[in-house]
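Both backbone and side-chain heavy atoms feed into the values below; hydrogens, waters and symmetry mates do not. In what follows, every chain begins at residue 1, and chains take the letters A, B, ... in the order their sequences are listed. From a predicted model like this one, the values you see are computed outputs, not experimental measurements.
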Number of protein chains: 2
Amino acid sequence: MPQDERSTGSRLKISSPRPLRGEAHNLATHGHTMYQGRLHGALAHRLGVDILRGTFKSGEILPNEIESSSKLDISRSAYREAIRILAAKGMVESRPKTGTRVTERERWNLLDPEVLGWMFETEPSQDFIKALFELRLITEPAAAELAAIRRTDEQVETMRAALEIMKRDTLQTETGRRADLEFHHALIQATGNEALASLSSSIEAAVSWTTRYKARRNALTRDPVPDHERVFEAIERRDAGGARWCMESLIRMAHEDTQKTFHP
Amino acid sequence: MPQDERSTGSRLKISSPRPLRGEAHNLATHGHTMYQGRLHGALAHRLGVDILRGTFKSGEILPNEIESSSKLDISRSAYREAIRILAAKGMVESRPKTGTRVTERERWNLLDPEVLGWMFETEPSQDFIKALFELRLITEPAAAELAAIRRTDEQVETMRAALEIMKRDTLQTETGRRADLEFHHALIQATGNEALASLSSSIEAAVSWTTRYKARRNALTRDPVPDHERVFEAIERRDAGGARWCMESLIRMAHEDTQKTFHP
DNA sequence: GCTTTTTTTATTGTCCGACTAATGTCCAGG
DNA sequence: CCTGGACATTAGTCGGACAATAAAAAAAGC
């Protein structure tokens, strides 16, 4: 029986003390991660991160709109729009009289690209990273297999070009990472399955954050290009089984590297 | 180059002529599908369906907020909150001066449970159903395999109970369908992978809509209970390979039935 | 004539303050 | 003990104003 949460009074426990709307009109989330854009988006971002991080726990009720918005020094409208965003991602639920409460974690859309992004804002739990790579290990090899079967010549050329760029620049550079994403994007398109594509692109984007982590900590990771090349070649020669196998090994390697980065 | 969409003037092309806010305070979407709840949610629902259905095409720009909201006879705030919901699902994108435009289909969060629900509002394309079942065929057998390895005894009991109910009532009844969902939910939980769980629960929910279709058209479908029982027994005896195989066959059967229902 | 800079302008973004409606709580009455 | 109805609290809706933004148009510079 969830007792009265409001009883703690008017203490808003957002991560940062206040500075939502800074001097220069952009907002800092809690020290080093800035966010620029619309106010509702920024607030949704911040609340989302706070929920994922556990600052607001499941079942907990947020302070009411009036209190929250005035404490944050923003209008009620902007606050409400932020809440709608969170609600659309299944993270909160509002009802008159009761207020807005954080839903159970089960109901969160963890694979929503934005939510995944928030997740990697703060270092995600080892369990979650494991789960994510396990999911990748299920879907991506299957995707590679389908791509090998259904790819068009044009898609092959796109992948080849992206691979070239990756070879030149590395994943240390921004263009290199973009090429990596483009490679995977082309592969996904080649599967001809838009549901799978929607899933994969979310995950890819999230995983690319880990890549950035790795680059920042310049952890000594394996060169990923050879792995990508093997996948590419298998797809080029329409070798479904080979593509599956190579992709599987690529992901295992990536997972290993990621683990070493986070827990050396 | 997307030319001026506004030039068509003030013609709002929502599916229904007007009746967003009906007499009795609940709204009909386009004839037989009612929606009751908050205004912003209802409008998001309606616009979402219209976008998925192609009434609003990708790249198209929605009429501006003032015009839209006044035409729909609702406040700008409610309209904006609806747009925020759609934006959170990647379906629209708003910017000052430009307006709010429908994004490319690639960016839609097709696996968002709500979006999936909207999808099945109108009969979804054969291609999409195929993609969805192909995705299921990739993830669910793997999930069953993991469940067989990691399941707790308690989860087994939950599944057994759900299965009992399914056996008694059928999928023709509401309680039967709920039991079906609960069975799959327990299975998903047993995988111990929350990312996979998030994905599967979205898909399950969507697929359960097809089940309802089938029941409504009382198409002569195979009895699904035996399939479920085989999966259950494999998981109970911790037979990973068996669970995978049985689940695969279950899904193939379900897909076959679904196809027969939609394209007899 | 072409590029760059400034101005205009359409649209979303933000704000405020009031009123409405839903819903949990509490209390009186059966 | 249960039931129904009044009450209080909260999100929901409204409308109208002004600010910020970014695209487009106009002006300036080369």
Side-chain angles (χ1 to χ4, degrees), chain A residues 1-7 9-10 20-27 35-45 60-88 92-103, chain B residues 1-10 20-27 35-45 59-88 92-103:
Chain A
M1 60 266 2
Q3 74 282 42
D4 194 356
E5 290 292 345
R6 287 179 293 88
S7 60
S10 53
L20 191 112
R21 169 118 101 284
E23 331 278 348
H25 230 223
N26 52 11
L27 17 164
Y35 190 100
Q36 56 134 18
R38 311 290 174 270
L39 204 37
H40 49 256
L43 182 53
H45 173 108
E60 200 165 328
I61 292 179
L62 273 51
N64 72 52
E65 292 180 351
I66 315 272
E67 192 176 331
S68 295
S69 55
S70 70
K71 198 70 106 180
L72 288 165
D73 193 39
I74 63 175
S75 74
R76 225 186 120 194
S77 328
Y79 180 81
R80 280 182 56 80
E81 292 187 14
I83 294 296
R84 291 278 76 77
I85 294 173
L86 269 341
V92 301
E93 197 175 35
S94 312
R95 314 166 60 172
K97 170 74 179 180
T98 309
T100 300
R101 81 170 59 222
V102 180
T103 56
Chain B
M1 65 253 19
Q3 74 283 40
D4 193 357
E5 291 292 344
R6 288 179 294 89
S7 61
T8 52
S10 53
L20 191 112
R21 168 120 103 281
E23 331 277 348
H25 231 222
N26 51 12
L27 16 166
Y35 191 100
Q36 56 134 17
R38 310 291 174 274
L39 203 38
H40 49 255
L43 182 54
H45 173 106
E60 200 165 327
I61 292 179
L62 273 51
N64 71 54
E65 292 179 351
I66 315 273
E67 192 176 331
S68 296
S69 55
S70 70
K71 199 72 106 182
L72 289 164
D73 194 38
I74 63 176
S75 73
R76 224 188 119 196
S77 328
Y79 180 82
R80 280 182 57 80
E81 292 186 15
I83 294 296
R84 291 278 78 75
I85 294 173
L86 269 340
V92 301
E93 196 176 37
S94 317
R95 315 165 61 172
K97 171 71 180 184
T98 309
T100 299
R101 80 172 55 215
V102 180
T103 56

Practice problem: Indicate the atoms forming the closest heavy-atom contact of Thr98(B) with Ile61(B), along with that distance. | Solution: O-CD1, 3.8 Å
Self-check item: Selected nucleotide, minimal atom distance to Arg95(B) side chain, candidates dG13(C), dG12(D), dA23(D)
Solution: dA23(D)
Quiz item: When the nearest nucleotide of DNA chain D is assigned to Ser77(A) and to Ile66(A) on a heavy-atom basis, which residue is associated with the more 5' position?
Solution: Ile66(A)
Quiz item: Looking at the side chain of Thr98(A), which of dC15(C), dG12(D), dG24(C) is the nearest nucleotide?
Solution: dG24(C)
Exercise. Please tell me which of the listed nucleotides, dT23(C), dT13(D), dT14(C), lies nearest to the side chain of Ser75(A)?
Key: dT14(C)
Quiz item: Taking only residues two or more places apart in sequence or in another chain, which ones pass side-chain hydrogen bond (donor to acceptor under 3.5 Å, both in side chains) with Ser77(B)?
Solution: none
Practice problem: Send over the distance from Leu72(A) CG to dT14(C) P, rounded to a whole Å. | Solution: 13 Å
Practice problem: With the side chain counted from C-beta on, respond yes when Glu81(B) and Glu81(A) share a heavy-atom pair under 4.5 Å apart, and no when they do not. | Solution: yes
Exercise. Report the residue (Lys97(A) or Ala78(A)) whose heavy-atom-nearest nucleotide on DNA chain C is the more 5′ of the two.
Key: Ala78(A)
Quiz item: What's the CD1-C1' distance between Ile61(B) and dA24(D), to the nearest Å?
Solution: 13 Å
Self-check item: Any donor-acceptor N/O pair under 3.5 Å between dG12(D) base and Arg76(A) side chain
Solution: yes
Quiz item: Of all heavy-atom pairs between Ile74(B) and Ala78(B), which one has the smallest distance, and what is that distance?
Solution: CD1-CB, 4.3 Å
Practice problem: Rounding to 10 degrees, work out the angle separating the end axes of the helix from dG1(C)-dC30(D) to dG30(C)-dC1(D) (five pairs an end). | Solution: 20°
Quiz item: Of all the choices, dG24(C), dA11(D), dG13(C), which nucleotide is nearest to the side chain of Arg38(A) once you look at every atom?
Solution: dG13(C)
Quiz item: Any side-chain heavy atom of Thr100(B) within less than 4.5 Å of one from Leu86(B)?
Solution: no
Quiz item: What nucleotide among dT25(C), dT12(C), dC14(D) has an atom nearest to a side-chain atom of Asn64(B)?
Solution: dT12(C)
Quiz prompt | Side-chain touch Ser69(B)/Arg80(B), heavy atoms, less than 4.5 angstrom | solution = no
Quiz item: Rounded to the nearest Å, what distance is computed from the CD atom of residue Glu81(A) to the C1' atom of nucleotide dG13(C)?
Solution: 8 Å
Exercise. Would you classify Ser94(A) as touching base, sugar-phosphate or nothing, given that sugar-phosphate means primed atoms plus P, OP1 and OP2, and contacts are heavy atoms under 4.0 Å?
Key: sugar-phosphate
Quiz item: Is there side-chain contact between Pro96(A) and Arg38(B), with at least one heavy-atom pair below 4.5 Å?
Solution: yes
Quiz item: Where the side chain of Glu65(A) is defined as all heavy atoms beyond and including C-beta, which of dT21(D), dG12(D), dA23(D) is the nearest nucleotide?
Solution: dG12(D)
Quiz item: Rounded to whole angstrom units, what separation is found between the CZ atom of Arg101(B) and the P atom of dA10(C)?
Solution: 18 Å
